[in-house]
Amino acid sequence: MSDSTYDVIVFGATSFVGQILCQYLTDTYGVDGELKWAAAGRSETKLQQVKEALGSKADKLALITANANDDASLEALCANTAVVISTVGPYALYGEPMIRACTSTGTDYCDLTGEAQWIADMLEKYEAAAKASGARIVHCCGFDSIPSDMGVFFLQQQAKKQFNAPATRVGMRVKVAKGGVSGGTVASMMNIAEEAAGDPELRRKLANPYLLCPADHGLTARQHSIAMPEYDDDFRAWVAPFVMDAINSRIVHRSNALNGYSPAMTYNEGMLTGDGIGGRLKALGIGVGTGLFFGAAALAPTRWALNKFVVPQPGEGPSPEAQKAGFYDIRLAGHTDQGDTLTVKVTGDADPGYGSTAKLLGQAGACLAKDIPDDAPGGFWTTSSLLGEKLLSRLQAHAGMTFEVI
């Protein structure tokens with residue numbers, strides 16, 4: 001790592017979230033200061049446009065041309081950096097070549113994928129290579145799944161501190177979130193629906209809550225996901241399905257296997273919709289709407305109509321003003337086997353999908369480059385299992401997040 005030209009290279013710098021990430025890194029670190037970084041993508045012209053938009057602070061920003069379809073260019077990129085931050089998605093379509101390059105060259109890597117089926121595929125193909133080369137691979141470093149993964153990490157720390165026991169039943173609830181819908185996120189969701197529609201084996205795998213856990217994980221608890229409205233006694237409110245539960249829960253279970261919270265831990269996620277008949281009806285509407293969307297996305301004719309007339313396209317997303325105006329407030333309730341209870345509040349100060357995600361991803365990359373010992377083992381990790389306390393501190397100091405017991 002000490003021989004690398006750069007601490008971090010942002011691969012996919014011309015993408016929607018890549019441009020926001022470059023602005024965040026420029027504003028936070030400059031270009032050639034505490035964190036030395038460069039921007040990479042397949043179009044030199046578009047990279048130059050990104051650099052110009054960053055202003056005079058980015059005059060010394062290095063631009064690197066690399067293509068996800070060119071293994072030689074990706075390996076050359078990896079040779080120049082300690083960490084690759086990739087925003088090139090949908091990852092199931094475009095992400096594998098960079099994973100292959102990083103695991104073969106021993107280069108650390110993080111991304112913002114939410115595609116569980118792709119992560120499972122990468123684990124099967126490249127985990128042994130990552131362990132052999134020393135590459136530390138960390139997926140899901142955006143809104144999915146840092147608030148969930150690091151929120152559970154923080155809750156379990158507090159449970160052990162206060163009760164000398166882990167929480168064996170944990171529920172994450174989105175109290176409120178404000179932000180725009182992104183084309184890239186929708187494209188990933190549509191791709192998952194399309195793949196699953198034609199592959200019964202994939203549907204079976206996606207239904208497994210322990211899909212991303214190591215083969216010897218030893219976790220046995222029967223998991224329950226929220227598919228339709230439920231009443232939550234912890235928060236005295238109705239709960240609707242939360243679309244990110246499909247990836248967040250699987251990341252949390254992998255972290256449980258790696259961190260050793262408890263083999264009996266159960267975990268699920270939902271959205272709080274309020275008490276009374278109004279809360280129940282709102283939860284029902286969200287549940288039905290979510291089901292209809294994925295049903296339509298699974299069928300070719302309705303998927304075409306959604307893409308054509310309804311959903312934003314890749315490269316589209318909320319305005320800078322909307323990103324700054326966004327925020328989120330999530331709560332996690334934990335229960336120990338002895339009957340102790342603990343509630344944690346996790347907040348972010350920007351649009352979840354972009355404004356906050358860019359900051360979370362940037363700090364994950366900086367943490368990989370600056371805070372992790374060179375002899376930390378290679379392999380596929382989660383944010384909490386590899387970055388842990390260091391990332392928790394960075395998120396609160398530099399990424400507009402808070403973690404507190406309430």
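Sequence positions, counted from 1, serve as the residue numbers for this chain.
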Legend entry - W118/H139 under ring-ring contact (aromatic ring centres under 6.0 Å, His included): CA gap, chis, key distance, verdict: CA-CA 10 Å; W118 178 71; H139 295 298; 5.1 Å; yes
Legend entry - Polar contact flag, side-chain donor to acceptor under 3.5 angstrom, S384-S255: yes
Inset, instruction - Mind telling me whether F143 and F242 have parallel, tilted or perpendicular rings, with 30° and 60° as the class edges? - result: perpendicular
Inset, instruction - With L21 as reference, evaluate T26, V10, T357 under the side-chain contact (heavy atoms from CB on, under 4.5 Å) test and give the passing residue. - result: V10
Legend entry - Point-to-point distance, once rounded to the nearest 0.5 Å, from NZ of K51 to CD of Q19: 15.5 Å
Legend entry - T105-T107 side chain donor-acceptor pair, cut-off 3.5 Å: yes
Legend entry - Side-chain (D108) to main-chain (R136) donor-acceptor, under 3.5 angstrom: yes
Legend entry - Salt bridge present between D71 and R100 (N-O < 4.0 angstrom): yes
Inset, instruction - Give a yes-or-no answer on whether the side chains of T402 and T347 include a donor-acceptor pair shorter than 3.5 Å. - result: yes
Inset, instruction - Give a yes or no on whether a salt bridge exists between D349 and K359, defined as a side-chain N under 4.0 angstrom from a carboxylate O. - result: yes
Inset, instruction - Salt-bridge test for K125 and E96: reply yes if a basic N is under 4.0 Å from a carboxylate O, no otherwise. - result: yes
Inset, instruction - State, without any angle test, whether D149 and T383 hold a side-chain donor-acceptor pair at a distance under 3.5 Å. - result: yes
Legend entry - Ionic contact status for R173 with D232, cut-off 4.0 Å: yes
Legend entry - Side chains of T65 and S73 in contact at under 4.5 Å (non-hydrogen atoms): no
Legend entry - Euclidean distance, M244 CE relative to I330 CD1, rounded to 0.5 Å: 12.5 Å
Legend entry - D329 and R331 ion-paired at < 4.0 Å: yes
Inset, instruction - Please round to the nearest 0.5 Å and tell me the distance separating atom OG1 of T290 and atom CE of M228. - result: 9.5 Å
Inset, instruction - Could you tell me whether Y6 and W37 have their ring centroids closer than 6.0 angstrom? - result: no
Legend entry - Whether N268 side chain and H224 backbone form a donor-acceptor pair below 3.5 Å: yes
Inset, instruction - Taking atom types as modelled, find out whether T87 and S15 have a side-chain donor-acceptor pair closer than 3.5 angstrom. - result: yes
Inset, instruction - Run through S86, C110, C367 and flag the one making a side-chain contact (heavy atoms from CB on, under 4.5 Å) with C141. - result: C110
Legend entry - Mutual orientation of the aromatic rings belonging to Y354 and F16 [parallel < 30°, tilted 30-60°, perpendicular > 60°]: perpendicular
Inset, instruction - Verify whether one side chain among S356 and Y328 offers a donor that lies under 3.5 Å from an acceptor in the other. - result: yes
Inset, instruction - Using distance alone, with no hydrogens and no angle criterion, decide if E124 and Y126 have a side-chain donor and acceptor under 3.5 Å apart. - result: no
Legend entry - Backbone N/O of S148 and side chain of S145: donor-acceptor pair under 3.5 Å: no
Legend entry - Under 3.5 Å donor-acceptor, N256 side chain and Y261 backbone: yes
Inset, instruction - State which residue, out of D340, D234, T266, fulfils the side-chain hydrogen bond (donor to acceptor under 3.5 Å, both in side chains) condition with H335. - result: D234
Inset, instruction - Examine distances only and state if a side-chain atom of D371 and a backbone atom of A366 form a donor-acceptor pair shorter than 3.5 Å. - result: no
Inset, instruction - Determine whether E115 and P90 make a side-chain contact, defined as any pair of heavy atoms from C-beta on separated by less than 4.5 Å. - result: yes
Legend entry - N208 versus Y210, side-chain donor and acceptor atoms under 3.5 Å: no
Legend entry - Exercise: do Y231 and D233 side chains pair donor with acceptor under 3.5 Å: no
Inset, instruction - Using distance alone, with no hydrogens and no angle criterion, decide if Q23 and D27 have a side-chain donor and acceptor under 3.5 Å apart. - result: yes
